[in-house]
Amino acid sequence: MVKTMNFGNVMVLAIAVVAVSTILHTTEAAEYVVGDDLGWTVPPGGAASYASWAAKYRFVVNDILYFNFTEGEHTVALVTKENYEICNTTDPLFKLDGPSGLQFLSSDTFYFTCTFTGHCAGGQKVEVYIASSASTPSPSPVVAPPPAASLPFTFVSKKLGFRKV
Ligand SMILES: *[C@@H]1O[C@H](CO)[C@@H](O)[C@H](O)[C@H]1NC(C)=O
Ligand SMILES: *[C@@H]1O[C@H](CO)[C@@H](O)[C@H](O)[C@H]1NC(C)=O
């Protein structure tokens with residue numbers, strides 16, 4: 001009887017440890033500066049610049065992309081794939097007027113550009129794929145993500161799939 005109870009306690013502890021490490025794992029977030037040292041600007045190298053920047057990394061849910069630029073010189077606009085391709089920045093889905101980080105909450109491809117005239121055509125645009133999880137699979141029980149309402153945020157959009165941080 002005692003042995004059974006000890007075994008039960010060990011099992012409960014083991015499950016708790018797995019659950020806690022899963023929660024810690026899922027909230028890990030890497031932060032990237034878009035364009036690295038170049039920041040968010042009209043790149044001297046043209047449109048290929050941000051494509052090669054994005055290709056260097058593998059972004060996953062919870063990662064943060066920081067758009068670094070001088071307010072008043074650029075914006076960050078989330079647009080549809082169609083509008084991204086033709087550089088249509090009229091009525092973007094979302095716009096940042098100042099530098100900020102965006103934390104991605106769902107796996108998707110996101111299309112960002114700048115609403116200043118000529119900047120998109122000049123190559124200030126980036127397509128970012130956010131994968132659903134890190135490549136190392138964790139043998140985890142299903143743990144619900146923390147409710148969005150408990151997160152400290154100033155902006156969140158489940159529809160857009162990211163929040164401002
Ligand atoms: C943002 O850009 C400024 C000006 O180029 C630079 O001094 C600063 O280090 C950059 N910040 C980050 C996080 O890259
Ligand atoms: C540009 O995008 C806006 C917002 O999605 C849309 O209403 C408009 O029709 C688009 N213009 C062109 C030329 O595609």
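Whatever order the structure lists them in is the order used to number ligands and atoms, beginning at 1.
- Ligand 1 has no nitrogen or oxygen under 3.5 angstrom from a nitrogen or oxygen of Y66.
- Listed by number with element, the atoms of ligand 1 under 4.0 angstrom from any heavy atom of V33 are 13 (C), 14 (O).
- Regarding atom 3 (C) of ligand 1, its nearest protein heavy-atom neighbour is N68 ND2, 3.6 Å.
- For atom 4 (C) of ligand 2, the closest heavy atom belonging to the protein is T90 O, 3.4 Å.
- Taking atom 5 (O) of ligand 2 as the reference point, the nearest protein heavy-atom neighbour is N83 ND2, 3.2 Å.
- Cys pair C120 and C87 passes the test of SG atoms under 2.5 Å apart.
- When all heavy atoms of C114 and H74 are compared, the closest pair comes out as SG-CA, 3.7 Å.
- Within the 4.0 Å heavy-atom criterion, neither part of V79 lies near ligand 2.
- For F112 and F67, the distance between ring centers is under 6.0 angstrom.
- Distance check for atom 7 (O) of ligand 2: every protein heavy atom is found at 4.0 Å or beyond.
- Between V34 and V76, every side-chain heavy-atom pair lies at or beyond the 4.5 Å cut-off.
- Scanning the protein heavy atoms around atom 12 (C) of ligand 2, the nearest turns out to be N88 ND2, 3.3 Å.
- Proximity to I86 (heavy-atom distance under 4.0 Å) selects the following atoms of ligand 2: 14 (O).
- Between F116 and H119, the two ring planes are parallel [angle under 30°; tilted spans 30° to 60°].
- The protein reaches atom 14 (O) of ligand 1 closely, with a heavy atom under 4.0 angstrom from it.
- Within a 4.0 Å radius of atom 1 (C) of ligand 1, the protein contributes one or more non-hydrogen atoms.
- Ring geometry for F94 versus F162: interplanar angle over 60°, hence perpendicular rather than tilted (30 to 60°).
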**Message:** Is there a side chain to side chain contact (heavy atoms under 4.5 Å, CB included) between D36 and K56? Walk through the geometry before answering.
**Reply:** CA-CA 11 Å; D36 295 326; K56 284 197 293 180; 2.6 Å; yes

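- Taking the centre of each ring, F104 and F59 stay at or above the 6.0 Å mark.
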